[in-house]
Amino acid sequence: MMFLPSLTILLAARSLPTYLRHRGVRSLRSALHLSDGNENTVENLSYRPVFVDDISRCHEIESSSYPEDEAASLENLKYRQQNAGEYFMCATKLHSETNSEHIIGYICSTRCNEFTEESMSLHDAHGSILAIHSVVVDGSYRRQGIASAMMNEYLKRMLFFSNLVADTGANGFSRILLLAKSNLLSFYVDCGYMVLRPSPIVHGKDVWYELEARREYMERLLRLQTFNTSDEELNNIDAAAIAANRRELGSSRSTSDPEYAADNVFAEGRNERRTKLHEELNKLGIDPNEMEHHPERFGTAAMRTYNSFLLPKSKGALAVAESPTRARVVANNISFLVREFKADQEEWLRNVDRNRDDAVRQSEEIIGSKHPVVIVLDNVRSAHNVGNILRLAEAAQVESVRLCGMTPWPPHPKIMKTAMGAAEYVDLGDPGASTLQTVLDLKAKGYDVYGVETTHTAITLWDAQISCNPVAFVFGNELIGVDVEVLKECKNIVSLPTYGNKNSLNIATCVGIVTWDYLRRGAHIP
């Protein structure tokens with residue numbers, strides 16, 4: 001069908017998200033050897049294991065197909081045949097004139113436990129990953145549907161080495177993952193794979209992408225195997241046998257199912273939804289044709305949203321998709337996901353938390369330990385606010401947060417949701433302590449305590465002189481503020497200036513401003 005660069009493929013025997021579901025009909029045609037206008041070419045192929053005497057021919061195809069820095073060496077091919085021969089398959093064609101067999105393509109793999117260049121260079125017979133290193137068709141036979149047919153045949157044979165088949169037990173591999181260049185992503189999606197991410201593996205000069213075969217696709221192939229698994233019977237499957245299995249395929253509601261796209265009631269109106277969505281995407285500056293032809297440029301999440309709108313999974317999802325404004329909502333969601341993907345690709349957006357050890361190391365390098373700041377919450381009622389405050393407290397590396405009075409404590413679900421994993425890294429002191437007693441204890445330990453409140457005696461934060469000693473800031477209840485008795489014990493009362501009708505800010509916002517203003521001043525530096 002087309003030239004394929006050296007690849008590494010991982011097929012997963014576990015539940016996987018789907019990708020590019022609108023290509024499903026074409027996927028089925030490839031899987032059933034029904035490539036457009038090329039039935040004779042494909043059906044005349046034979047498949048068998050690669051033997052020692054075949055290696056030189058395989059290397060000839062490999063060397064003529066790939067750049068020198070991507071092609072497998074003769075030694076590598078010999079190693080794979082000798083150590084992983086059961087995963088080395090070739091496609092052959094009979095020469096009519098000489099009546100001799102001729103190898104026109106092959107696929108070879110090894111097994112490993114990690115998807116790294118080093119681990120894939122060796123074969124582990126018990127490895128959980130099937131890593132397909134080369135998928136190649138001789139130049140004179142490309143673009144005839146051979147690559148699709150060969151891949152389909154290979155996957156059917158590999159099923160019986162996977163843990164999808166009970167006979168393999170613990171010895172079956174569980175995954176198959178693939179490295180491909182961007183120009184071949186749509187081909188592999190058509191063959192039942194989904195795009196995962198740009199790969200960190202360096203192979204030649206170009207960027208490669210990791211793809212993983214969908215579990216539902218492999219299970220569908222397994223259901224179609226209503227015949228014995230000998231080579232002869234595998235090669236004699238015909239269109240009539242395929243047609244008999246189509247009803248079974250239609251039973252799935254997954255939009256990745258090819259029969260779903262063709263026959264299922266939830267696919268009704270797909271073209272109209274597509275037209276509406278494309279209009280909305282164009283308004284947002286997104287080229288929908290580019291999305292369909294170059295999905296790797298938009299990211300898996302955006303493409304999944306796109307395809308779920310075109311092919312809903314249920315009656316409820318179909319009803320939502322048919323609502324008048326839904327196309328605009330979906331287009332905006334796609335726009336956001338595309339921006340997020342592109343920002344991540346360019347490393348403009350760092351939205352992944354640091355490794356905990358790295359964070360502690362950075363904190364120690366900058367400040368020696370945590371900042372000598374204690375945040376005191378006086379009967380704060382909102383768990384959402386508490387969670388936000390714990391998150392910013394961890395980010396600022398303050399000494400502790402004291403939750404006094406009726407202030408909710410972790411593991412309140414609302415706290416855990418807004419803290420986003422920060423709660424476990426923040427010292428919370430003793431539960432049940434009153435705000436007044438907490439303030440008195442801090443003063444006894446040498447802390448200068450500041451109340452943050454809007455009173456007539458408050459000093460604007462910008463004008464306040466904040467001590468170089470360890471400090472504590474007290475923030476009050478959302479309605480009544482800091483308790484008067486507590487304010488009497490504070491060294492000073494500070495407030496944030498406001499310029500509109502509202503004379504105060506949300507408490508979590510206020511805590512963030514006060515804390516970072518303190519850090520900005522450099523008051524924590526000896």
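In what follows, every heavy atom counts, from backbone to side chain, and hydrogens, waters and symmetry copies are set aside. Note that the numbering runs from 1 along the sequence shown for the chain.
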Specify the closest pair of heavy atoms between [X] and [Y], including all atoms of both residues, with the distance to one decimal.
{"X": "Gly481", "Y": "Asp378", "result": "O-OD2, 4.0 Å"}
{"X": "Ser174", "Y": "Asn163", "result": "CB-ND2, 3.3 Å"}
{"X": "Ala396", "Y": "Leu519", "result": "CB-CD1, 4.0 Å"}
{"X": "Val376", "Y": "Cys404", "result": "CG1-SG, 3.9 Å"}
{"X": "Pro288", "Y": "Asn282", "result": "CD-OD1, 3.2 Å"}
{"X": "Cys112", "Y": "Ala131", "result": "SG-CB, 4.1 Å"}

Value rounded to 0.5 Å, distance of [atom1] in [X] from [atom2] in [Y]:
{"X": "Tyr193", "Y": "Met218", "atom1": "OH", "atom2": "CE", "result": "7.0 Å"}
{"X": "Arg521", "Y": "Leu461", "atom1": "CZ", "atom2": "CG", "result": "5.5 Å"}
{"X": "Asn333", "Y": "Phe309", "atom1": "CG", "atom2": "CZ", "result": "11.0 Å"}
{"X": "Asp430", "Y": "Gln437", "atom1": "CG", "atom2": "CD", "result": "11.0 Å"}
{"X": "Ile132", "Y": "Met120", "atom1": "CD1", "atom2": "CE", "result": "12.0 Å"}
{"X": "Leu184", "Y": "Leu179", "atom1": "CG", "atom2": "CG", "result": "12.0 Å"}

For residues [X] and [Y], determine if any side-chain heavy atom of one lies less than 4.5 Å from a side-chain heavy atom of the other.
{"X": "Val380", "Y": "Val386", "answer": "yes"}
{"X": "Val374", "Y": "Val398", "answer": "no"}
{"X": "Ile375", "Y": "Phe475", "answer": "yes"}
{"X": "Val471", "Y": "Tyr518", "answer": "yes"}
{"X": "Glu292", "Y": "Tyr306", "answer": "yes"}
{"X": "Leu130", "Y": "Met158", "answer": "yes"}
{"X": "Met291", "Y": "Ile334", "answer": "yes"}
{"X": "Tyr209", "Y": "Leu185", "answer": "yes"}

Between the side chain of [X] and the main-chain N/O of [Y], is any donor-acceptor distance below 3.5 Å?
{"X": "His123", "Y": "Arg111", "answer": "yes"}
{"X": "Ser400", "Y": "Gly429", "answer": "no"}
{"X": "Asn113", "Y": "Ser128", "answer": "yes"}
{"X": "Ser162", "Y": "Leu159", "answer": "yes"}
{"X": "Gln397", "Y": "Glu394", "answer": "yes"}
{"X": "Asn379", "Y": "Asn477", "answer": "no"}
{"X": "Glu478", "Y": "Arg381", "answer": "yes"}
{"X": "His294", "Y": "Glu290", "answer": "no"}
{"X": "Thr455", "Y": "Ala458", "answer": "yes"}
{"X": "Asp448", "Y": "Ser467", "answer": "no"}

**Full working for side chain to side chain contact (heavy atoms under 4.5 Å, CB included) between Lys488 and Glu485** = CA-CA 5 Å; Lys488 292 178 180 179; Glu485 297 302 318; 3.3 Å; yes
**Request:** List the steps and the verdict of salt bridge (charged side-chain N to carboxylate O under 4.0 Å, His left out) for Arg215 and Glu219.
**Result:** CA-CA 6 Å; Arg215 178 184 176 87; Glu219 289 177 337; 2.7 Å; yes
**Prompt:** Does atom CD of Glu114 have more than 12 heavy-atom neighbours from other groups under 6.0 Å away?
**Reply:**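 Open: at most 12 neighbouring heavy atoms sit under 6.0 Å from CD of Glu114.
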**Residues, nucleotides or ligands: over 12 heavy atoms within 6.0 Å of Asn332 CG** =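 Correct, the count exceeds 12.
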**Prompt:** Should Val514 and Tyr450 be marked as a side chain to side chain contact (heavy atoms under 4.5 Å, CB included) after you check the CA-CA gap, both sets of side-chain angles, and the distance that decides it?
**Reply:** CA-CA 11 Å; Val514 171; Tyr450 295 85; over 6 Å; no
**Message:** Between Glu279 and Lys276, does the salt bridge (charged side-chain N to carboxylate O under 4.0 Å, His left out) criterion hold? Intermediate values first, please.
**Reply:** CA-CA 5 Å; Glu279 290 176 355; Lys276 292 178 181 178; over 6 Å; no
**Message:** Could you tell me if Lys342 sits above the aromatic ring of Phe298, with its cationic atom closer than 6.0 Å to the ring centre and no more than 45 degrees from the axis?
**Reply:**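 So Lys342 does make the cation-pi contact.
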**Request:** Let me see the working for Lys181 and Glu70 under salt bridge (charged side-chain N to carboxylate O under 4.0 Å, His left out), right down to the final yes or no.
**Result:** CA-CA 12 Å; Lys181 293 181 180 178; Glu70 295 178 7; 2.9 Å; yes
**Message:** Given Leu440, which partner from the list Thr438, Leu436, Leu442 fulfils the side chain to side chain contact (heavy atoms under 4.5 Å, CB included) test?
**Reply:**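 Passing option: Leu436.
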**Request:** Tell me, with the steps shown, if Tyr188 and Glu212 meet side-chain hydrogen bond (donor to acceptor under 3.5 Å, both in side chains).
**Result:** CA-CA 9 Å; Tyr188 280 103; Glu212 189 166 10; over 6 Å; no
**Message:** Does anything in residues 384-419 form a ring-ring contact (aromatic ring centres under 6.0 Å, His included)? List the pairs, not counting sequence neighbours.
**Reply:**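 Passing the test, one end in residues 384-419: no pairs.
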**Asked** Can Arg304 and Ser308 be counted as having a side-chain donor-acceptor contact under 3.5 angstrom?
**Response**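 Judged by distance alone, the side chains do not pair up.
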**Asked** Among side-chain atoms of Ser109 and His133, is any donor-acceptor pair under 3.5 angstrom?
**Response**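 No - no donor-acceptor pair under 3.5 Å links their side chains.
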**Request:** Step by step, work out the side chain to side chain contact (heavy atoms under 4.5 Å, CB included) result for Leu496 and Ile513.
**Result:** CA-CA 9 Å; Leu496 294 177; Ile513 293 172; 3.8 Å; yes
**Set of residues satisfying side chain to side chain contact (heavy atoms under 4.5 Å, CB included) with respect to Ala508, sequence neighbours excluded** =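 Residues passing side chain to side chain contact (heavy atoms under 4.5 Å, CB included) with Ala508: Asn385, Asn388, Ile389, Asn506.
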**Message:** If you apply the rule side chain to side chain contact (heavy atoms under 4.5 Å, CB included), what do you find for Val452 with Val474, and how did you get there?
**Reply:** CA-CA 6 Å; Val452 183; Val474 184; over 6 Å; no
